[in-house]
Amino acid sequence: MPELPEVETVRRDLAAMYVGRALDRVVVTGRRTVRRHLPERLSAVEGRALTRIGRRGKYLLFEWDDGQVLVAHLRMSGQFVAVPTGAPTAPHTHAVLSFDGAGELRFIDPRTFGELFLADGAHRPLAELSHMGPDALEVTPAYLAGLFARRRAPLKALLVDQRAVAGIGNIYADEICWEAKLRPDRAGTSLSRREVNRLSAAIRAVLEAAISARGSTLSDQRYRDLYGAVGAYQSQHRAYGRAGRPCPRCGRPVQRLRTGGKSAYFCPHCQR
DNA sequence: CGATTATCCTGTGCGC
DNA sequence: TGCGCACAGGATAATC
């Protein structure tokens with residue numbers, strides 16, 4: 001379940017590996033991998049050099065020297081892997097980008113929720129991502145205060161809503177709420193200025209610590225970086241997935257709350 | 001407007 | 001040992 005820290009880790013590795021390289025060939029075999037337009041359109045980036053890898057929330061942006069932007073989203077189970085040319089093909093490999101002198105970048109995705117598409121590079125910022133809120137690493141207390149003033153919804157619902165804040169998913173929303181000592185089901189409108197400040201600081205602290213640890217790999221071993229290595233932040237999870245186990249702050253059991261088919265983990269004693 | 005549910009899809013892990 | 005099923009959740013659409 002790649003969220004901002006995992007996507008940022010992949011972004012940095014992709015940049016180090018491929019920026020400045022020319023793309024020789026793109027081959028898409030997955031039926032659902034490119035679904036916003038004809039898959040053949042991706043060949044428009046063949047022959048271009050990669051100038052930059054950007055990120056907006058959980059989207060990765062491959063920027064080419066002619067202004068085109070190839071957008072990728074890993075969704076639930078997507079993964080990019082860097083392999084030498086001709087390496088054995090792993091199951092669920094849906095796309096292969098061959099770089100001049102840098103081997104192959106493969107897109108693997110068992111559940112096929114992930115996607116690739118070519119954005120309309122003439123429009124900046126990208127029209128396809130225009131619905132998204134500011135990146136989670138950019139939000140300020142003032143922005144959050146404004147958000148809570150106009151949107152009445154539970155705190156966690158707002159944190160995972162990409163239109164409100166981009167990059168946070170179910171796991172880091174729980175970790176951020178724990179760090180900020182706020183219940184995930186608190187109404188956003190009820191937060192004091194002091195609590196908004198705490199939340200803003202917690203967003204940054206949790207995401208930056210998770211990036212430093214190269215993201216979280218859960219027991220399903222799903223998330224892997226570009227080279228197949230696991231993340232380390234899962235060992236620092238305080239709330240997510242810890243139902244019944246002691247809260248690291250107060251020792252009382254962490255509780256699991258279910259809303260709308262999703263789980264929220266929190267400490268009812270020290271999160272208020 | 002917001003809360004809830006369903007949809008897409010496969011691997012995993014549980015209970016029986 | 002094997003079968004069936006709930007569960008995992010990112011984004012989006014539909015419905016109440």
From the list [options], which nucleotide is the closest neighbour of the side chain of [X]?
| X | options | value |
| --- | --- | --- |
| A/R256 | B/dA3, C/dG10, C/dC7 | C/dC7 |
| A/K262 | C/dA8, C/dA11, B/dG2 | C/dA11 |
| A/A153 | C/dG10, B/dA3, B/dT10 | B/dA3 |
| A/R75 | B/dT10, B/dC9, C/dA11 | C/dA11 |
| A/R151 | B/dG2, C/dT12, B/dC8 | B/dG2 |
| A/P110 | B/dC8, C/dA11, B/dG11 | B/dG11 |
| A/K58 | B/dT10, C/dA11, C/dT12 | C/dA11 |

- Message: Between B/dT5 and C/dA6, how far apart are the two P atoms, rounded to whole Å?
- Response: 16 Å
- Task: Using the six-membered ring of A/F117, assess whether NZ or CZ of A/R36 lies under 6.0 Å from its centre and within 45 degrees of the ring axis.
- Result: yes
[N] phosphate, OP1 or OP2: any side-chain N/O from [X] under 4.0 angstrom?
| X | N | answer |
| --- | --- | --- |
| A/R258 | C/dA8 | yes |
| A/T112 | B/dC8 | no |
| A/H92 | B/dC9 | no |
| A/H73 | C/dG10 | no |

May I have the distance from [X] (atom [atom1]) to [N] (atom [atom2]), rounded to whole angstrom?
| X | N | atom1 | atom2 | value |
| --- | --- | --- | --- | --- |
| A/D185 | B/dG2 | CG | C1' | 16 Å |
| A/R35 | C/dG10 | CZ | C1' | 11 Å |
| A/Q234 | C/dA8 | CD | C1' | 16 Å |
| A/M132 | C/dT12 | CE | C1' | 13 Å |
| A/D174 | C/dG10 | CG | P | 10 Å |
| A/L147 | B/dC1 | CG | P | 14 Å |
| A/R163 | B/dC1 | CZ | P | 10 Å |
| A/D161 | C/dG10 | CG | P | 13 Å |

- Evaluate the side-chain proximity of A/I53 to A/Y18: yes if any heavy-atom separation is below 4.5 Å, no if none is. no
Judged by atom type as modelled, is there a donor-acceptor pair below 3.5 Å linking the side chain of [X] to the main-chain atoms of [Y]?
| X | Y | result |
| --- | --- | --- |
| A/E175 | A/A239 | yes |
| A/E8 | A/I211 | no |
| A/Q236 | A/Y233 | no |
| A/T93 | A/T89 | no |

- Message: Could you check whether A/Y172 and A/S216, counting side-chain N and O atoms only, form a donor-acceptor pair closer than 3.5 Å?
- Response: yes
- Can you say whether the rings of A/F62 and A/W64 are parallel (under 30°), tilted (30 to 60°) or perpendicular (over 60°)? parallel
- Message: Closest-nucleotide mapping onto DNA chain B: is A/D220 or A/R152 further toward the 5' terminus? I mean the 5' end.
- Response: A/R152
- Task: Report which part of the nucleic acid A/R222 touches: base, sugar-phosphate, or nothing (heavy-atom distance under 4.0 Å, all strands).
- Result: nothing
- Give one of base, sugar-phosphate or nothing for A/S77, where a contact means two heavy atoms less than 4.0 Å apart. nothing
- Please assess A/D220 against A/R222 for the test salt bridge (charged side-chain N to carboxylate O under 4.0 Å, His left out), listing each intermediate value before the final yes or no. CA-CA 5 Å; A/D220 63 7; A/R222 206 42 260 164; over 6 Å; no
- Query: If you measure from the ring centre of A/F113 to the centre of the six-membered ring in the base of C/dG10, is it under 5.5 Å, with the planes under 30° apart?
  - Reply: yes
- Query: Pick the nucleotide of DNA chain C nearest each of A/I168 and A/Y265; which residue has the one closer to the 5' end?
  - Reply: A/Y265
- Message: Could you spell out the base pairing of DNA chain B as a dot-bracket line? Use Watson-Crick and G-U wobble contacts where both distances are under 3.5 Å, [ ] for crossing pairs, | for partners on a different strand.
- Response: .|||||||.|||||||
